[in-house]
Novice: 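The following block contains the structure, expressed as structure tokens.
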Protein chains: 2
Amino acid sequence: MASHGARGRSGGRPTLEEVAARAGVGRGTVSRVINGSPRVSDATRAAVEAAVAELGYVPNTAARALAANRTDAIALVVPEPETRFFAEPYFSDMLKGVGAGLADTEMQLLLIFAGSDRERRRLAQYLAAHRVDGVLLVSVHADDPLPDLLAQLEIPAVISGPRSAAETLTSVDSDNYGGARSAVEHLLSRGRTRIAHITGRLDVYGAQRRVDGYREALRDAGHEVDERLIEPGDFTEEGGARAMRNLLARRPDLDAVFAASDVTAAGARQALREEGRRIPDDVALVGYDDSAIARHLDPPLTSVRQPIEDMGRRMLDLLLAEIADRRPAVSRGLERSQVVLPTELVTRASS
Amino acid sequence: MASHGARGRSGGRPTLEEVAARAGVGRGTVSRVINGSPRVSDATRAAVEAAVAELGYVPNTAARALAANRTDAIALVVPEPETRFFAEPYFSDMLKGVGAGLADTEMQLLLIFAGSDRERRRLAQYLAAHRVDGVLLVSVHADDPLPDLLAQLEIPAVISGPRSAAETLTSVDSDNYGGARSAVEHLLSRGRTRIAHITGRLDVYGAQRRVDGYREALRDAGHEVDERLIEPGDFTEEGGARAMRNLLARRPDLDAVFAASDVTAAGARQALREEGRRIPDDVALVGYDDSAIARHLDPPLTSVRQPIEDMGRRMLDLLLAEIADRRPAVSRGLERSQVVLPTELVTRASS
DNA sequence: AGGTACTGTGGGAGCGCTCCCACAAGTGAT
DNA sequence: ATCACTTGTGGGAGCGCTCCCACAGTACCT
């Protein structure tokens, strides 16, 4: 008969049905074994497993996805061009954390870049087709529509770095506030008193929190906050240099700078050099991220390290939990959904 | 009845059937429109398209995959740990080329790392499940079993850098032979006559071809090949330095070095410096890859550039063609399946 | 007029699973 | 002995598509 053409009648990949026949059991039982259900006797399980091994059975993902309405895949969405992704160790570290967690799973990770408009449209289409069970979102700006799209499609998602204090999505972040505090407290403990701050882009929530940490660390130490010591930056090197020049013009007597990123600090260092200030003798410098730049700067830069790999791991765990919760309503004890991980100050010669 | 639980009866995603009803046509017709079959009248097509738009219909990939026995996804497999992937611009560039080609397609790209044994087992499982229609393989060593697995599973695959002259898989490569020739010819044209070569790992076919190019360029110019001017390296910096020291000990009168990679050249430069040789005054140096290292070396390094982005693009095109050929046997005019792309010598201060 | 094409269309069958209902068999209380 | 559970099992129905056969309609030959 073979009404359906040559499409793999016999000789193709074995099916559940064939495994069942071989093991002398029903289809349902094989399915239970494959999916690790406890409701199978040991003898039956062994028989099925033997048949699976003999036949070299591998489940057909498409069939499973269709029947069970899930894909066993999640996406790591990077709303940036590839170039930035590769340039910043942030992503690589995060990927490592996610990958480690995934190893214990059957889940597949997709890496999706959505830097250009075209790519974003493709992504929207992709998500609308529900081709993934959940989404990991990194490096999202305040006005990004992606999180709302995800919410509307009811796709579980976890974001790294909440967009605001009122973030609705499950989020994982490092303690920007505490990290900034530790940087400032460190400078204070080194006897510095006129500590400036070059901020990050203030439409990024984390950057705001770093400013908050800076302010309150000073206040708690009994210092007044001088607004002339705060200068906006934008996470870039040029921005850091410009900000540093402005600060020096306004408060030539400053003796320390806390920059919102290592790249910013590199710019600040440049400007300080040009003005003939020695680091750390005249001005102490502290950065943020503890990236490769920090180690290779001259002098090596004291910096606040974020546990990025851990963040990736936690994001994954939270996402998997959310996905599991949408399935058969086995409500498990969910962790609180805004995780904040501690930072660590790495002291080097610049302070 | 809803025997199947709450699973999206109405209010869920629209199905083909619903679109058909709305457009007042049959299921088959809608399928034809969705898949761009020409066997549909313009009026019908318009009606279906309207219904699709109104309902916001998006095809269910799983159902399609099950019925049509394809996945509309391909994998870029990197048999290396993530770390190396991120460290080398090679991969990033290749990904860019592949991504560009993919934009015109419905295909989804998966990035799969198979650095550890564990990851490799997962990958094998993944491939056995036929979760992708084809595979792009980069950076494969001579003894890698992956290509054979792919062949056995009858999964279309394209490899970057054939494993040998007898490579059976479709491959895309740059002209290692010609690239090496151009480097040597350049050095000859600069008046150098005692040109040494530090090779790459000779179990990599491309490295062998570079040696061939080196030899024949000299021979064709009427020079004898002195085997004492050829020293094995391994693509690493230390290997390059070691090889350079050996060469200097053996032939202290050499006046040029062609290294099989920029990293190797960086090692060689180090060793030359230690021996007090000036570059290029005493010894001219040429590398291979034209990576970031080449530009940042002191002095900037003359290097052979490979069109990596183009290679990615070509690999993709070849793979898509192979996949298409396995489907309804619309045999299209296949390009020959061993593509070799030209290289370009980038001249800088080191030579 | 009858034949032979081709075009456009509808819908049955089937892809390989999961989910769940039905039911047999065993266990322990009444 | 009866009832009430529990445990293990088989298999029907259905997931949403694609493929293909069947057939109506039209066009162009003999």
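Because the structure is predicted, anything quoted here is derived from the model rather than measured.
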Novice: I need the CG-C1' distance between B:Asn69 and D:dC19, as an integer number of Å.
Specialist: 12 Å

Novice: Separation of B:Leu66 atom CG from D:dG16 atom C1', in whole Å?
Specialist: 9 Å

Novice: Would you jot down, in residue-number order, the residues of residues 40-53 of chain A having a non-hydrogen atom under 4.0 Å from DNA chain D?
Specialist: A:Val40, A:Ser41, A:Thr44

Novice: Please table the atom pairs, donor to acceptor, closer than 3.5 Å between any side-chain atom in residues 39-46 of chain B and protein atoms at least two apart or in another chain.
Specialist:
{"unit_1": "B:Ser41", "atom_1": "OG", "unit_2": "B:Thr44", "atom_2": "N", "d": "3.3"}
{"unit_1": "B:Ser41", "atom_1": "OG", "unit_2": "B:Thr44", "atom_2": "OG1", "d": "2.7"}
{"unit_1": "B:Arg45", "atom_1": "NH2", "unit_2": "B:Ser37", "atom_2": "O", "d": "3.2"}

Novice: Just how large is the angle between the end axes of the helix from C:dA1-D:dT30 to C:dT30-D:dA1, five pairs per end, to 10 degrees?
Specialist: 50°

Novice: Check B:Arg163 with B:Asp173, please: is the shortest side-chain N to carboxylate O separation under 4.0 Å?
Specialist: no

Novice: Does any pair with a residue in residues 97-117 of chain A pass ring-ring contact (aromatic ring centres under 6.0 Å, His included), and if so which ones, sequence neighbours excluded?
Specialist: A:Phe85-A:Phe113

Novice: How would you list, by chain and number, every residue that makes a side-chain contact (heavy atoms from CB on, under 4.5 Å) with A:Ser116, sequence neighbours excluded?
Specialist: A:Arg118, A:Glu119

Novice: Given that B:Ala63 and A:Gly24 both sit by DNA chain D, which one's nearest nucleotide is further toward the 5' end?
Specialist: A:Gly24

Novice: For B:Arg13 and D:dC15, give me the distance from atom CZ to atom P, rounded to whole Å.
Specialist: 14 Å

Novice: Rounded to the nearest angstrom, tell me the gap between atom CZ in B:Arg27 and atom P in D:dT18.
Specialist: 10 Å

Novice: Please report the distance, rounded to the nearest Å, between CD in A:Glu18 and C1' in C:dC17.
Specialist: 13 Å

Novice: How close or far is atom P of C:dC20 from atom CZ of A:Arg32, stated in whole angstroms?
Specialist: 12 Å

Novice: Can you identify which nucleotide, out of D:dG10, D:dG14, C:dG10, has its nearest atom closest to the A:Thr29 side chain?
Specialist: D:dG10

Novice: Give the rounded distance in Å between these two atoms: CG of A:Leu16 and P of D:dG12.
Specialist: 15 Å

Novice: Looking at B:Ser31, does any N or O in its side chain come under 4.0 Å of the phosphate oxygens OP1/OP2 on D:dT18?
Specialist: yes

Novice: Using a strict 4.0 Å threshold on nitrogen-to-oxygen distance, state whether A:Asp144 and A:Arg120 make a salt bridge.
Specialist: yes

Novice: Within the pair B:Asn35 and D:dT18, is there a side-chain N or O less than 4.0 Å away from OP1 or OP2?
Specialist: yes

Novice: Keeping to residues at least two apart or across chains, list the side chain to side chain donor-acceptor pair (under 3.5 Å) pairs with something in residues 146-156 of chain A.
Specialist: none

Novice: Under 4.0 Å between a side-chain N/O of A:Arg64 and OP1 or OP2 of C:dT18, yes or no?
Specialist: yes

Novice: A:Ala67 side chain: which of D:dG16, C:dG16, C:dG10 is closest?
Specialist: C:dG16

Novice: Between atom CD in B:Glu17 and atom P in D:dC15, what is the gap in whole Å?
Specialist: 10 Å

Novice: Side chains of A:Ser337 and A:Leu318, heavy atoms from C-beta outward: is any pair under 4.5 Å?
Specialist: no

Novice: Is any side-chain heavy atom of A:Gln338 less than 4.5 Å from a side-chain heavy atom of A:Val172?
Specialist: no

Novice: Quick check for you: among D:dC17, C:dT9, C:dC17, whose closest atom lies nearest to any side-chain atom of B:Thr15?
Specialist: D:dC17

Novice: Do B:Asp72 and B:Arg64 come within less than 4.5 Å of each other through their side chains, counting heavy atoms only?
Specialist: yes

Novice: So A:Asp93 and A:Arg313, salt bridge (Lys or Arg N to Asp or Glu O under 4.0 Å) or not? Walk me through it.
Specialist: CA-CA 10 Å; A:Asp93 287 347; A:Arg313 181 63 191 256; over 6 Å; no

